[in-house]
Amino acid sequence: ILNVEQSPQSLHVQEGDSTNFTCSFPSSNFYALHWYRWETAKSPEALFVMTLNGDEKKKGRISATLNTKEGYSYLYIKGSQPEDSATYLCAFIPPSNLDSWGKFQFGAGTQVVVTP
Amino acid sequence: NAGVTQTPKFQVLKTGQSMTLQCAQDMNHEYMSWYRQDPGMGLRLIHYSVGAGITDQGEVPNGYNVSRSTTEDFPLRLLSAAPSQTSVYFCASSRTNNEQFFGPGTRLTVL
């Protein structure tokens, strides 16, 4: 059972258009949320590590927001380019009793296809 | 730095065989973890470790063992391979509270 849900499962975007998608997670027992980008035949690569309610992070044309009280994070891609085509994963991390992270729970991902 | 390395890249096993997937990192990361990736399921955590000598179960630990005798290495052992363990396995490491770095993956087929 996935407690972390991502929507939509996939989306097709025209080059130059902007898009956004959602990661929903349990609003209680929050420690951190990560976003990863996963290109075909490669390994996931980190985009953002978010820990505070209201966090906004930006890397180039990609940005993310975090609402821990309602349990969601948005990822935005501005002016999509073909190289943005990838699966975007979010991971919810609860706290543990070991003064460290607890168990990562990944969503199933949103597959983004940008067509020229 | 080599980052996170995994061996082998590909492996075919027969049902009932055992094997060890190797994972090593040279970044002195405390946190290491093993995931399996299956279609439509995302990445599912098998086992993780927050430091040498400390391991804990993830979401799908059955049929797998781990140990962490050194900071660098975190091998994953399949005790008696089953077709349901056919998957792509990723190892990852990080400093506490920082991004994870993933290895290149091992594609395992169990016949």
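Below, each value reflects all heavy atoms present in this structure, side chains not excepted, and no hydrogens, waters or symmetry copies. Chain identifiers are assigned alphabetically (A, B, ...) following the order of the sequence lines, protein sequences preceding nucleic acid strands; residue numbering begins at 1 within each chain.
Enclosure of atom CD in A:E45 is not indicated, since only 12 or fewer non-hydrogen atoms of other residues, nucleotides or ligands lie within 6.0 angstrom. For A:Q9, the CD atom counts as loosely surrounded, since its 6.0 Å shell holds 12 or fewer non-hydrogen atoms of other residues, nucleotides or ligands. Within 6.0 Å of the CZ atom in B:R77, the count of heavy atoms belonging to other residues, nucleotides or ligands exceeds 12.
Aromatic ring orientation, A:W38 versus B:F90: perpendicular (interplanar angle above 60°, classes split at 30° and 60°).
Checked by atom type and distance alone, the side chain of A:K103 never pairs as donor or acceptor with a backbone atom of B:H47 at under 3.5 Å.
Hydrophobic clustering (side-chain heavy atoms under 4.5 Å, transitive across Ile, Leu, Val, Met, Phe, Trp, Tyr) keeps B:V110 apart from B:Y35. Linking Ile, Leu, Val, Met, Phe, Trp and Tyr whenever their side-chain heavy atoms come within less than 4.5 Å puts B:I54 and A:I93 in one cluster. Hydrophobic clustering, with ILVMFWY side chains joined whenever heavy atoms are under 4.5 angstrom apart, keeps A:F48 apart from A:Y72. Hydrophobic cluster membership is shared by A:L66 and A:F92, with clusters built from Ile, Leu, Val, Met, Phe, Trp and Tyr side chains linked at under 4.5 angstrom.
In this structure, B:Q100 and A:Y36 have side chains that are in contact, with non-hydrogen atoms separated by less than 4.5 Å. In this structure, B:L43 and A:L89 have side chains that are in contact, with non-hydrogen atoms separated by less than 4.5 Å.
For the residue pair A:S43 and B:G103, the shortest heavy atom distance occurs at OG-O, 2.5 Å. Listed here is the closest heavy atom pair of A:P44 and B:F102: O-CD1, 3.5 Å.
With values rounded to the nearest 0.5 angstrom, B:E59 atom CD is found 7.0 Å from A:Q105 atom CD.
Neither the backbone nor the side chain of B:F101 comes within contact range of chain A, judged by heavy atoms closer than 4.5 Å. Only the side chain of B:Q37 comes within contact range of chain A, with at least one heavy atom under 4.5 Å from a heavy atom of that chain.
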